[in-house]
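Proteins get letters first, then strands, A, B, ... in listed order; numbering begins at 1 in each.
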Amino acid sequence: MEGEVMEKVRVRYAPSPTGPLHIGGARSALFNWLFARHHGGAMILRIEDTDLERSSRESETMILESLRWLGIDWDEGVDVGGENGPYRQQQRLHIYEPYVRELLNSGQAYECFCTAEELEEERQELMQQGKMPRYLGKCRSLTGEEKERLRSAGRKPVIRFLVPAGKKLIVDDLVRGRVEFDSDDIGDFIIIKSDGLPTYNFAVVVDDALMGITHVIRGEEHLSNTPRQLLIYEALNFPLPQFAHVSLILGEDRSKMSKRHGATSVLEYRKQGYLPEAMVNFLALLGWSPEGEREIFSPEELIRLFSLERVSKSPAVFDLGKLNWLNAHYIKQLPPARLTELCLPYLLEAGLLKPEALGDKMSWLEQAVAAVQEKMEYVSQAPDLLAVFLEEKTEIESGDKTAQKILELETTPGVIAAFTEKAGKMTEWDSETVRRLLGEIGKELGVKGKALFMAVRVAVSGRSYGPDLNTLLVLLGPAAAARRAQDILEKIS
RNA sequence: GGCCCCUUGGUCGAGAGGUUAAGACACCGCCCUUUCAAGGCGGUAGCGCGGGUUCGAUUCCCGCAGGGGUCACCA
């Protein structure tokens, strides 16, 4: 493969700005980007906004933001410009024109004046006959006179591509191999809509050809569109790019990923506190695998290793559990200061921190964050994880059976009382003194192990789980720890 | 329904005629541990079915089944 790529690789990601960037789109973009970077080629970002109804600038902005967040950049395209612009199809209308004329003149395309009703009627008829609906070419041989009559009657025509009969169409796909289609299965399809805008199948070909795209890497849902595009490449005498159709990403029930499978947009994952490096790593492994047994890869490594040969043909289920594992891995690698920054917005939003009280608390907060870093899977868990440190009042966690049991031990009230009493008097308070304090209590009351440490843990946090007890106590400070313990003591007596 | 793609454990997946069928997530167990995790070690679990081809098929071919995609004036 390496040897076959003689000309400079040029790939593109061409989203339709009709919503946020989805997981599947992100992976397509990533594969294109990895391929381009691997081969020292160019990545192009084109916006396919020929659907006036559904396209929006807001969606475009979200998509660009998502790509940037993932660390995917582009050499040509929207926002950065380039020699082959403009990069929004709405701004390229004049470019399509001559090609449409060419097809019209050579008789490879024709105007169709059928109304939606007529088309619907034809469709129904075919269905009743047990045939599949497809355009039968009613307007293929309209005379100029007839066309004028329809035109003056207010009909706005579309332009259809005249599909030649009995033609084998072969897609030589880099991931699927040779795939064959028959032109007889394809009805004359629309290339220019009645609003004058090109359809996807037409614009994509003209743009890919004019932009010098060498490899079209996209989702498998486009495979069955490819024969139509092949027809246009041929009609316009454009050189063919190489195609690579990557399998879809499925939800847990093995159907195509959709909103009911939970979060599907990249921005939602960002919001939940997933790290871009984890997302990229995860997406890369969904449908592609490197040689060897590693699972953790930096973008640079992915670029070095990536190849289309190792792209899987079968669809992949989106496994949130694995994403969580990867994300937890990357969170563990973060410097506590950085993680703290990331946690801040969530803590503020949860009301666990007051913005004004932040300044002198930062280094303390950083230690608290460090104490829970290893159990965090995604950053939006920060409020839950850090509540033990930040809560005003401690409630006994309902449903925490272990905590309940500890509180019922007959030794517990004594332990808590002793702790409250002694902690209040401490002048020094660090890991070592806290350790000694607990030891003393244990010795004096003849209590040890769980009955001692768990009792204190539950007393100061209301929970049977949480960060390392010593760290928890040290960060809480003697006053707060004693106050909480006192509070719990009153609750249970 | 036509056409097209896909089929290795719960999931991602390695494998490309002869293997004890990698590895990872999840799960279970043990170790570590002043909790829960993390970490270390170990374990359970898989080639959809039926025909071929072959000395031998997870691997090649054909059917079937199942899943998915596509058949728009959406991309």
Side-chain angles (χ1 to χ4, degrees), chain A residues 14-18 48-51 53-55 89 112 114 116 119 123 127 130-135 156-160 171 173 175-177 179-182 184-187 189-201 203-204 219-228 245 247-248 250 252-256 282 285-296 310 312-326 328 332 372-376 385 402-403 406 435 438-439 442 448-450 452-454 456-458 461 463-470 472:
Chain A
S16 168
T18 53
E48 310 218 326
D49 54 358
T50 54
D51 183 341
E53 291 288 303
R54 300 196 305 148
S55 296
Q89 292 185 326
C112 167
C114 292
L119 258 20
R123 183 172 301 140
M127 298 258 261
K131 290 181 189 160
M132 270 310 102
R134 97 186 158 84
Y135 186 69
K156 282 222 167 89
V158 298
I159 297 173
R160 285 182 189 270
V171 182
D173 196 276
V175 348
R176 292 186 191 265
V179 185
E180 222 174 288
F181 296 87
D182 192 328
D184 292 339
D185 297 328
I186 303 171
F189 57 94
I190 295 172
I191 57 175
I192 299 292
K193 302 183 271 186
S194 57
D195 62 6
L197 294 194
T199 57
Y200 164 72
N201 280 126
V204 75
E220 195 197 327
E221 68 265 31
H222 291 292
L223 183 55
S224 23
N225 268 319
T226 310
R228 276 169 256 267
H245 288 95
S247 293
L248 301 175
L250 273 25
E252 315 224 350
D253 60 356
R254 303 203 71 89
S255 71
K256 192 179 177 184
F282 176 69
L285 260 22
L286 214 50
W288 171 81
S289 67
E291 278 181 80
E293 295 174 354
R294 290 180 50 204
E295 303 275 335
I296 307 288
R310 295 191 68 86
S312 162
K313 293 194 217 202
S314 38
V317 171
F318 183 90
D319 183 1
L320 186 62
K322 184 140 185 180
L323 207 213
N324 284 341
W325 171 76
L326 269 167
K332 287 182 197 115
V372 301
Q373 183 162 11
E374 62 190 13
K375 56 204 328 166
M376 190 182 290
L385 258 18
T402 313
I406 295 293
R435 176 185 302 276
L438 294 177
K448 57 184 177 178
K450 262 191 187 170
L452 171 63
F453 299 108
M454 277 301 245
V456 174
R457 169 181 295 284
V458 175
S461 73
R463 301 170 173 87
S464 66
Y465 56 90
D468 172 72
L469 181 59
N470 234 281
L472 176 63

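- Between Thr50(A) and rA75(B), a side-chain N or O to OP1/OP2 separation shorter than 4.0 Å is present.
- For Ser194(A) against rC73(B), a side-chain N or O and a base N or O form a donor-acceptor pair under 3.5 Å.
- Within 4.0 Å of Lys332(A), counting heavy atoms only, lie sugar-phosphate atoms of the nucleic acid but no base atom.
- Using a 4.0 Å cut-off, no side-chain N or O of Lys313(A) falls inside it from OP1 or OP2 of rC5(B).
- Between Tyr200(A) and Phe189(A), the distance from one ring center to the other does not fall under 6.0 angstrom.
- Contact annotation for Gly287(A): backbone-only contact, meaning every heavy-atom pair under 4.0 Å involves sugar-phosphate atoms and none involves a base.
- Below the 3.5 angstrom threshold, one finds no donor paired with an acceptor across the side chain of Arg176(A) and the base of rC5(B).
- As judged by a 4.0 angstrom heavy-atom cut-off over every strand, Glu291(A) is placed among residues making no nucleic acid contact.
- When side chains are defined from C-beta on, Pro198(A) does not count as touching Ile191(A), because their heavy atoms never get closer than 4.5 Å.
- Put simply, Arg310(A) has a side-chain N or O that comes within less than 4.0 Å of OP1 or OP2 on rG15(B).
- Residue-level contact check: Arg463(A) touches neither bases nor backbone, having no heavy atom under 4.0 Å from any strand.
- Across all strands shown, Leu469(A) has heavy atoms under 4.0 Å from base atoms, whether or not it also approaches the sugar-phosphate.
- The aromatic ring of Tyr465(A) does not stack onto the base of rU35(B), failing the criterion of a centre distance under 5.5 Å from the six-membered base ring together with planes under 30° apart.
- Side-chain N/O atoms of Arg457(A) and base N/O atoms of rU34(B) include no donor-acceptor pair closer than 3.5 Å.
- Formation of a donor-acceptor pair under 3.5 Å by the Ser289(A) side chain with backbone atoms of Leu285(A) is not found in this model.
- In this structure, Asp319(A) reaches the bases: a heavy-atom distance under 4.0 Å links it to at least one base atom across the strands shown.
- Across all strands, Val158(A) comes closer than 4.0 Å to base atoms (heavy-atom distances).
- rC71(B) and rG1(B) make up a base pair, with Watson-Crick or G-U wobble contacts both under 3.5 Å.
- Of the nucleotides present, rG29(B) is the one that pairs with rC41(B) by Watson-Crick or G-U wobble criteria, both distances under 3.5 Å.
- Within the nucleic acid shown, Asp468(A) comes within 4.0 Å of at least one base atom, counting heavy atoms only.
- Within the nucleic acid shown, His245(A) has no heavy atom closer than 4.0 Å to any nucleic acid atom.
- The pairing partner recorded for rC49(B) is rG63(B), the criterion being a Watson-Crick or G-U wobble arrangement whose two distances lie under 3.5 angstrom.
- Within 3.5 Å, a donor on the side chain of Asn225(A) pairs with an acceptor on the base of rA75(B), or the reverse.
- Checking the phosphate oxygens (OP1, OP2) of rA72(B), no side-chain nitrogen or oxygen of Lys193(A) falls inside 4.0 Å.
- Within 6.0 Å of the NZ atom in Lys448(A), the count of heavy atoms belonging to other residues, nucleotides or ligands does not exceed 12.
- Pro227(A) comes within 4.0 angstrom of no nucleic acid atom, judged by non-hydrogen atoms across all strands.
- Within a 6.0 Å radius of CD in Glu180(A), other residues, nucleotides and ligands contribute more than 12 heavy atoms.
- In this structure, Glu295(A) reaches the bases: a heavy-atom distance under 4.0 Å links it to at least one base atom across the strands shown.
- For the pair Ser289(A) and rA14(B), the criterion of a side-chain N or O lying under 4.0 Å from OP1 or OP2 is met.
- Within 4.0 Å (heavy atoms only), Gly466(A) reaches at least one base atom of the nucleic acid.
- Here Arg254(A) reaches the OP1 or OP2 of rU11(B): one of its side-chain N or O atoms lies under 4.0 Å away.
- For the pair Arg457(A) (side chain) and Pro467(A) (backbone), a donor-acceptor distance under 3.5 Å is present.
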